[in-house]
Enquirer: 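Following this message is one structure expressed as structure tokens.
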Amino acid sequence: MARMNMIQAINSAMDIAMERDPKVLVFGEDVGYFGGVFRATAGLQKKYGKQRCFDTPIAEGGIVGAAVGMGVYGLRPVVEIQFSDYIYPAFDQLVSEAARLRYRSAGGFTAPITVRTPCGGGIFGGQTHSQSPEAIFTHVCGLTTIMPSNPYDAKGLLLSAIEDDDPVIFFEPKRIYNGPFDGHHDRPLTPWTKHALGEVPEDYYTIELGKAKIVRPGDQVTVIAYGTMVHVCLAAAEESGIDAEVIDLRSLLPLDLDTLVASVKKTGRCVIVHEATKTCGYGAELVSLIQEHCFYHLESPIERVTGWDTPYPHAYEWDYFPSPYRVSQAIKKVMED
Amino acid sequence: MARMNMIQAINSAMDIAMERDPKVLVFGEDVGYFGGVFRATAGLQKKYGKQRCFDTPIAEGGIVGAAVGMGVYGLRPVVEIQFSDYIYPAFDQLVSEAARLRYRSAGGFTAPITVRTPCGGGIFGGQTHSQSPEAIFTHVCGLTTIMPSNPYDAKGLLLSAIEDDDPVIFFEPKRIYNGPFDGHHDRPLTPWTKHALGEVPEDYYTIELGKAKIVRPGDQVTVIAYGTMVHVCLAAAEESGIDAEVIDLRSLLPLDLDTLVASVKKTGRCVIVHEATKTCGYGAELVSLIQEHCFYHLESPIERVTGWDTPYPHAYEWDYFPSPYRVSQAIKKVMED
Amino acid sequence: MSRAPLQLHIPAPTCRPGDAVDFSGITVPAAGILKRPAEDTPPEQMRDYAYGLIRVLDESGHAVGDWNPKLSADTLRTGLRHMVLTREFDERMVKLQRQGKTSFYIKCTGEEAIGVAQAMALDDRDMLFPSYRQQGLLVARGCPLVRLMNQIFSNTRDNLKGRQLPIMYSEPDYGFFSISGNLGTQYPQAVGWAMASAYSGDTRIAAGWVGDGTTAEADFHYALTFATVYQAPVVLNVVNNQWAISSFQGIAGGERATFAARAVGYGLPALRVDGNDFLAVYAATKWAAERARSNLGATVIELYTYRAAPHSTSDDPAGYRPADEAKNWPLGDPVERLKQHLIALGEWSEERHSALIAEMQEQVMAQLKEAMSYGVLGDPAPNDPGSMFEDVLKEVPGRLLMQREQMLALRRKEV
Amino acid sequence: MSRAPLQLHIPAPTCRPGDAVDFSGITVPAAGILKRPAEDTPPEQMRDYAYGLIRVLDESGHAVGDWNPKLSADTLRTGLRHMVLTREFDERMVKLQRQGKTSFYIKCTGEEAIGVAQAMALDDRDMLFPSYRQQGLLVARGCPLVRLMNQIFSNTRDNLKGRQLPIMYSEPDYGFFSISGNLGTQYPQAVGWAMASAYSGDTRIAAGWVGDGTTAEADFHYALTFATVYQAPVVLNVVNNQWAISSFQGIAGGERATFAARAVGYGLPALRVDGNDFLAVYAATKWAAERARSNLGATVIELYTYRAAPHSTSDDPAGYRPADEAKNWPLGDPVERLKQHLIALGEWSEERHSALIAEMQEQVMAQLKEAMSYGVLGDPAPNDPGSMFEDVLKEVPGRLLMQREQMLALRRKEV
Ligand SMILES: Cc1ncc(C[n+]2csc(CCOP(=O)(O)OP(=O)(O)O)c2C)c(N)n1
Ligand SMILES: Cc1ncc(C[n+]2csc(CCOP(=O)(O)OP(=O)(O)O)c2C)c(N)n1
Ligand SMILES: [Mg+2]
Ligand SMILES: [Mg+2]
């Protein structure tokens with residue numbers, strides 16, 4: 001076991017994948033010599049040579065287009081989109097091509113690519129370095145969408161993603177690269193080295209895609225979150241004084257619906273939390289499924305706590321970011337109703 | 001009053017907008033001399049000259065990017081994306097630029113553009129001429145998203161869209177260009193000329209964006225739909241023998257939540273229908289809002305009837321397209337529960 | 001200083017329906033005048049090729065000049081055969097579409113030399129990333145027509161399980177990539193495939209095709225950028241058939257530069273070729289393939305031709321161009337020109353040609369008979385609707401298993 | 001035939017941290033050798049300009065050759081003043097970022113001639129679509145620094161209501177378009193604006209800027225395509241400062257062609273300019289503006305320069321390039337060169353220059369004092385959170401009114 005922050009865990013996953021399989025290669029803007037603006041690919045070019053880890057032109061669509069072609073050849077490219085706010089130029093290649101290639105060729109061609117991309121706010125990045133665009137990918141059949149909340153999961157999930165034979169969008173909440181940020185921006189951050197989930201095996205392991213994790217068992221209300229919000233929800237659960245069960249989805253699609261349904265059937269109440277804007281966010285799908293499957297168990301309307309339906313405003317970041325207080329209020333609300 | 005099909009009504013809207021305001025211009029792939037592959041812009045170049053209605057390079061992102069710049073100058077461009085399946089290359093310019101320009105410039109610059117684009121299946125177009133990607137736009141704050149279901153609404157809504165000072169995505173369900181297709185693909189199509197909503201004033205009129213319409217009043221269950229599915233739902237309502245209230249949203253965002261809530265509070269039951277894939281479709285947002293606002297009035301889980309979570313398969317089109325039978329089964333199901 | 005007001009320029013073609021055909025803007029250089037540079041010539045010494053036109057067959061049907069690939073008469077006859085087969089196949093399929101046996105078709109009439117000569121010039125193991133108008137590639141690679149017909153009919157033997165629009169073939173065994181409905185997406189994919197081949201120390205190269213209109217898409221730019229940066233072993237073809245549905249090539253930028261010239265800006269070599277000259281197409285493709293295979297990187301080839309057919313069965317060109325444009329196309333017809341060449345060589349005759357046409361028609365009919373025995377669109381109704389849930393992902397996920405159940409149950413009840 | 005395996009080429013710069021600086025690949029042509037073509041020269045007669053380098057200031061600080069714009073000493077001093085002000089502003093802002101007064105900053109050190117000379121060469125009413133590294137445009141147009149500082153601090157007077165990342169200015173009154181975080185998006189918008197101006201019979205033109213790295217984006221291609229097709233009155237600038245964060249310009253395709261050369265492929269004229277030569281930048285911009293204003297369409301200008309600063313305050317170039325690259329940049333420093341020129345003209349002196357620097361520093365400090373009186377990031381805490389719901393749409397929709405209520409209520413309770 002080693003102590004790793006999320007960047008180190010992600011780096012370790014790519015390192016091991018490259019070590020084990022010469023078909024794995026890693027590229028993207030600034031990922032080669034420099035090792036990525038967040039340092040996620042540090043050392044990989046030095047270790048595996050510049051053919052296996054390299055810089056690309058600033059052309060997200062070209063990066064994904066080339067990756068699809070490499071996937072068709074039989075390689076397993078792992079590409080980085082520097083910020084998920086900049087993934088839109090690649091949207092067509094992801095949605096029309098990577099996601100549909102297996103289907104339209106009836107399995108004749110496939111695109112086993114992994115797209116890593118930092119997401120989320122809380123770093124004063126303003127509206128173009130803070131977005132959480134997961135819901136536009138979960139609407140697209142053929143894509144798998146993952147968002148880990150800690151180093152241990154990040155490594156195991158990323159290795160599974162790389163080994164997956166279909167395209168995977170791997171969102172990395174950049175606010176928790178260094179530690180489990182719980183939304184209390186005025187308090188010092190606990191680094192991952194001081195957190196149990198910062199204990200990460202140096203060796204190979206995988207975590208199955210599509211399994212949620214109950215990170216705090218509880219009886220009174222189910223709180224569903226992913227990424228940074230998992231830590232916010234844990235704090236909120238404590239602060240609310242209510243015995244909340246907090247579930248970390250880890251994988252948005254495939255979704256571990258069984259775990260959610262079992263929990264809500266037990267608690268009868270549910271709060272869903274994400275940082276992305278509310279309208280048509282991933283939370284909407286969760287609400288829909290839960291009301292469908294747990295209708296007769298629900299004691300109160302499901303609450304969504306999300307980013308507001310505006311871009312992420314630089315100076316008002318902490319009024320935008322769903323705070324533990326806001327989540328705890330929602331927990332109390334569903335209890336009262 | 002004239003008899004118009006939906007293409008003619010849309011053409012008439014653009015004609016009038018150009019007539020009234022020299023700042024309105026129309027462009028897109030094949031829209032100039034030829035008048036568009038669906039003929040929506042027929043005659044406009046001839047009438048207004050080639051500076052005001054012209055062909056563009058095949059570059060959806062360039063079309064929207066140029067339109068944004070024109071909007072900044074002070075014009076009101078109306079652009080056509082030939083099929084909404086081909087809107088993805090323009091996604092970045094729509095989401096990162098058009099939708100956010102007013103916000104990021106605090107009102108200093110705006111993008112009053114209208115993007116018309118045919119959507120939906122039922123024409124044996126296969127997976128790249130049948131998509132309904134509305135939900136990836138309704139997730140984006142700053143965009144208005146419209147989908148009419150008949151010629152009368154199409155004209156009035158398009159004129160409002162063109163006059164709107166913010167970007168509008170205007171989806172045109174191509175299956176109902178010629179007549180109100182109700183999903184019975186084995187029966188002859190009634191043309192719009194034989195339908196009340198094919199009676200369209202030749203003059204200027206607008207329909208406010210954000211107002212739904214109850215197209216069939218009823219007491220037992222609320223059926224919410226838009227575009228082609230409105231007609232399918234009407235047929236399904238008849239066939240089910242249940243007194244369903246059918247609501248045509250017309251405008252997805254802004255959403256006329258009041259009308260929906262009032263109806264569901266009355267009926268206590270709800271079915272939501274769209275052609276787009278289910279997961280994270282617009283229906284999910286509707287379910288979420290309705291369960292939030294009508295929780296204590298709901299007698300059974302809200303049902304979603306949608307396209308399956310697969311691409312649109314050419315030969316199995318009628319197994320994919322949500323049929324009146326499928327909708328009527330859902331209506332019965334929410335009654336039974 | 002008072003200024004004249006600015007004016008917006010909108011390109012327009014020289015003639016429209018009702019006008020006399022006007023190709024006066026096109027100057028056709030004589031065959032044989034361009035030298036053939038060595039395959040390792042630096043791109044900066046080759047810029048002029050982006051503006052010239054490589055032609056081998058002269059007006060009298062003789063092969064002249066440096067670019068003459070000196071093919072055997074047998075090879076030429078094979079090429080002719082593939083071209084005629086492609087044309088007859090197209091003719092028949094359009095008829096069937098008109099009869100309602102399928103929903104859609106796209107012909108490549110007038111452009112047959114491209115698919116056929118390029119397939120013949122490439123190695124069979126090279127990977128092809130085509131657009132929808134290079135059926136000649138499949139014909140020349142020997143893909144049985146019945147496979148294509150099955151796909152066109154979405155019938156029970158359709159290798160794409162009835163999912164794709166007709167002619168959106170995908171033929172892994174013939175090194176033919178799945179055709180995308182989205183224009184241009186295959187271009188950076190071809191470059192990525194070529195990069196993967198180079199990365200793997202393979203010897204196979206890739207080739208991609210787009211139309212003149214499609215050069216405006218982002219993917220064109222991505223492809224050329226990645227190809228030049230990583231010296232990818234790929235041949236990037238632009239089929240300039242003068243039209244993109246109803247838009248003439250000036251709307252894609254063709255008023256101001258050739259499409260081959262785009263390559264110059266990226267430091268890539270470009271060859272501009274008479275696309276209706278089988279020998280020129282063959283020779284240019286060989287040159288580019290040889291260059292790529294020698295680790296010298298990508299070449300852009302502009303194939304200068306004319307879309308004699310409507311855009312697709314959904315299109316009627318009478319709405320936007322004079323009806324007799326195709327007939328007057330200054331570079332003639334590719335089949336006719338290769339035929340004349342073989343005749344000039346004493347290796348062919350009108351009689352043999354008529355016999356060839358008849359033979360190819362028969363071949364089409366024979367394969368058609370087989371294909372129709374597996375059904376046509378909707379007749380019999382396709383019988384495996386559950387298959388629509390396969391191949392979204394490698395394993396059918398739980399969510400789709402449930403949807404399949406639901407769909408099949410509805411079907412049972414509805415019947 | 002057995003073949004050598006293919007190999008993937010990955011471009012690499014000549015030197016990395018620890019290596020000696022190596023600019024041996026760069027040949028600097030003498031100043032004054034390029035002729036200045038008439039503004040209406042057809043692009044096809046100008047292709048060589050894409051490979052040359054327009055330079056006016058020679059090694060001894062004299063202005064030489066055809067491109068010398070023959071500016072008055074006053075104008076030159078104005079230019080120098082703007083450049084020095086820009087530089088001092090940058091220096092100060094980085095210090096404030098380091099002190100935590102704001103979250104982010106981007107300098108344009110070494111590139112000051114570009115923004116300043118180009119703004120001076122354009123008309124004040126022309127519309128500018130910049131990237132984030134042309135603050136010199138605003139300085140030269142007389143936008144008060146305090147406005148920029150307010151934005152940088154997201155303070156109570158920030159015209160962007162605290163919404164945008166520092167330096168993402170938007171200044172409609174100065175004809176300066178809202179800077180986008182998304183690279184390149186402003187380029188086709190500039191073309192669209194120019195098309196609108198032409199459509200409207202206006203006389204104003206547009207200008208857009210992207211970096212060398214950004215040329216790989218789709219928007220670059222869209223812009224050049226639309227500009228050539230519609231002959232849009234726009235000046236399209238590529239600031240080739242050799243780096244895109246940590247990637248050298250070879251990763252954007254600069255190993256094989258100049259960025260100016262891209263224009264050639266579209267049939268657009270290109271000028272390649274010494275970006276550190278105030279006079280050359282001014283002259284080239286004037287040429288392109290004159291051309292655009294005369295309805296002759298777009299020009300691409302490659303401004304050849306060096307990013308002497310880190311990419312941003314989030315970057316440390318020590319990780320990817322030798323520390324002393326900037327000092328050794330063969331085209332020198334733009335401020336120093338203009339200063340030397342004025343001295344050579346007898347219109348300037350070291351003393352006056354020192355005084356200018358001091359004066360500009362004072363000006364920065366004075367404006368800073370004012371700006372800080374309106375607050376810095378988070379101090380005082382920004383006081384109108386409800387404003388974040390404005391400007392999503394023209395009218396705040398019901399949905400957002402509710403969210404605003406909710407947010408304000410939470411805030412009241414939380415405090
Ligand atoms: C991204 C995208 N935009 C638009 C279309 C619609 N479309 C199909 S073919 C075509 C014209 C293409 O012209 P060109 O590239 O010249 O090829 P050609 O048909 O002449 O072979 C258009 C606009 C599409 N399929 N994909
Ligand atoms: C679409 C997009 N992709 C990536 C980024 C991240 N990014 C910001 S600046 C930059 C480098 C740009 O380099 P260049 O165009 O040369 O401009 P320079 O910084 O040198 O002025 C990158 C990759 C972005 N802002 N937008
Ligand atoms: Mg074409
Ligand atoms: Mg740069």
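Letters A, B, ... mirror the listed sequences (proteins, then strands); counts begin at 1.
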Enquirer: How about A:Leu289 and B:Arg304: do any of their side-chain heavy atoms sit closer than 4.5 Å?
Expert: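 Result yes, sub-4.5 Å side-chain heavy-atom pair found.
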Enquirer: With respect to chain B, which residue among A:Ile272, A:Thr310, A:Leu94, A:Asp85 yields the maximal number of heavy-atom pairs within a distance under 4.5 Å?
Expert: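 That would be A:Thr310.
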Enquirer: Would you say the side chain of A:Ile136 lies within less than 4.5 Å of the side chain of B:Phe91, judging by non-hydrogen atoms?
Expert: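 Heavy-atom side-chain distance check passes, below 4.5 Å.
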Enquirer: Under 4.5 Å, counting heavy-atom pairs only, tell me which of A:Ala99, A:Ser300, A:Gly142 racks up the most with chain B.
Expert: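 Counting heavy-atom pairs under 4.5 Å, the top option is A:Ser300.
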Enquirer: For a quick test of reading the model, state the closest non-hydrogen atom pair linking B:Ala135 to A:Cys280 and the distance between them.
Expert: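 In terms of heavy atoms, the two residues are closest at O-CB, 4.2 Å.
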Enquirer: Can you tell which of A:Gly283, A:Pro89, A:Cys294 has the highest number of heavy-atom pairs within less than 4.5 Å of chain B?
Expert: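 If we count pairs closer than 4.5 Å to chain B, A:Pro89 comes out on top.
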Enquirer: Using a distance-only test with no angle check, is there a side-chain donor-acceptor pair under 3.5 angstrom linking B:Gln127 and A:Arg100?
Expert: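 Yes - a donor-acceptor pair under 3.5 Å links their side chains.
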Enquirer: If every non-hydrogen atom of A:Thr138 is compared with every non-hydrogen atom of B:Thr279, which pair is closest and at what distance?
Expert: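 Nearest heavy atoms, A:Thr138 then B:Thr279: O-CG2, 3.6 Å.
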Enquirer: What part of B:Leu255 is in contact with chain A, defined as an atom under 4.5 angstrom from a non-hydrogen atom: side chain, backbone, both or neither?
Expert: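 It is neither, since no heavy atom gets under 4.5 Å.
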Enquirer: Is there a side-chain contact between B:Tyr103 and A:Pro313 in this structure, where contact means two heavy atoms from C-beta onward sitting under 4.5 Å apart?
Expert: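 A side-chain contact under 4.5 Å exists here.
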Enquirer: Looking at A:Lys333, I want to see if its NZ is surrounded by more than 12 non-hydrogen atoms of other residues, nucleotides or ligands under 6.0 Å.
Expert: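 Open.
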Enquirer: Which pair of non-hydrogen atoms, one from B:Gln291 and one from A:Ile302, has the smallest distance, and what is that distance?
Expert: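 Closest heavy-atom pair between B:Gln291 and A:Ile302: NE2-O, 2.9 Å.
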Enquirer: Side chain, backbone, both or neither: which part of A:Leu253 has a non-hydrogen atom closer than 4.5 Å to chain B?
Expert: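 Only the side chain of A:Leu253 comes within 4.5 Å of chain B.
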Enquirer: So, for B:Thr277 and A:Cys141, which heavy atoms are closest and what is the spacing to 0.1 Å?
Expert: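 For B:Thr277 versus A:Cys141, the nearest heavy atoms are CG2-SG, 4.5 Å.
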Enquirer: Quick one: what part of B:Glu60 sits under 4.5 Å from any heavy atom of chain A, side chain, backbone, both or neither?
Expert: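 Contact with chain A involves no heavy atom of B:Glu60 at all.
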Enquirer: For B:Tyr296, which atoms come within 4.5 Å of any heavy atom of chain A: side chain, backbone, both, or neither?
Expert: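 When you check distances to chain A, only side chain atoms of B:Tyr296 fall under 4.5 Å.
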Enquirer: Which answer fits B:Glu134, side chain, backbone, both or neither, if we ask what part of it has an atom under 4.5 Å from a heavy atom of chain A?
Expert: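 Neither; nothing under 4.5 Å.
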Enquirer: At a heavy-atom separation under 4.5 Å, does B:Leu298 approach chain A through its side chain, its backbone, both, or neither?
Expert: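 Both parts, heavy atoms under 4.5 Å.
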Enquirer: Sort out for me which of B:Gln131, B:Arg104, B:His314, B:His293 touches chain A most, counting heavy-atom pairs under 4.5 Å.
Expert: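 That would be B:Gln131.
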Enquirer: What closest approach, in Å, do B:Val287 and A:Ser288 show between heavy atoms, and which atom pair accounts for it?
Expert: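 It is CB-OG, 3.3 Å.
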Enquirer: Using a cut-off of under 4.5 Å for heavy-atom pairs, which of B:Glu292, B:Glu285, B:Lys278 has the most such pairs with chain A?
Expert: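 Answer, by heavy-atom pair count under 4.5 Å with chain A: B:Glu285.
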Enquirer: For the interface with chain A, which of B:Phe295, B:Tyr282, B:Trp308, B:Tyr88 has the highest count of heavy-atom pairs at distances below 4.5 Å?
Expert: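 With the most close heavy-atom pairs to chain A, the winner is B:Phe295.
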